[in-house]
Amino acid sequence: MFLLQCPKCGNRMKYSSKDKIISSKKKACVYCGHSFSVSSHIIKQLKA
């Protein structure tokens, strides 16, 4: 599980992936709807 930060609104959200490859994943912000790549906006890894 990862902690992500939206580049548009700055809000933070949790993200978990079933597979270990996150380099090509995209996530839509739950607050503003902006879509961004997961790998370049990870703040830190959380314990699952």
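Please read these numbers as outputs of a predicted model, since none were measured by experiment. Quick note: numbers below take in every heavy atom, side chains included, and nothing from hydrogens, waters or symmetry partners.
- Put simply, the side chain of Gln5 never gets that close to the backbone of Arg12: no donor and acceptor are under 3.5 Å apart.
- Put simply, CD on Gln45 and CE on Met1 are 10.5 Å apart, with the number rounded to the nearest 0.5 Å.
- Applying the salt bridge (Lys or Arg N to Asp or Glu O under 4.0 Å) rule to pairs touching residues 20-36 yields Asp19-Lys25, sequence neighbours excluded.
- A single hydrophobic cluster is seen to contain both Tyr15 and Val30, as judged by linkage of ILVMFWY side chains at heavy-atom distances under 4.5 Å, directly or through other members.
- For Ser40, the side chain to side chain donor-acceptor pair (under 3.5 Å) criterion is met by Ser37, not counting sequence neighbours.
- In this structure, the side chains of Ile43 and Leu4 stay at 4.5 Å or more apart for every pair of heavy atoms.
- The shortest non-hydrogen separation linking Ser39 to Ser23 is OG-O, 3.7 Å.
- Two residues are said to be in side-chain contact when any heavy atoms from C-beta on lie closer than 4.5 Å; Cys6 and Met13 meet this criterion.
- Minimum interatomic distance between Tyr31 and Cys9 (heavy atoms only, all atoms of both residues): CB-SG, 4.3 Å.
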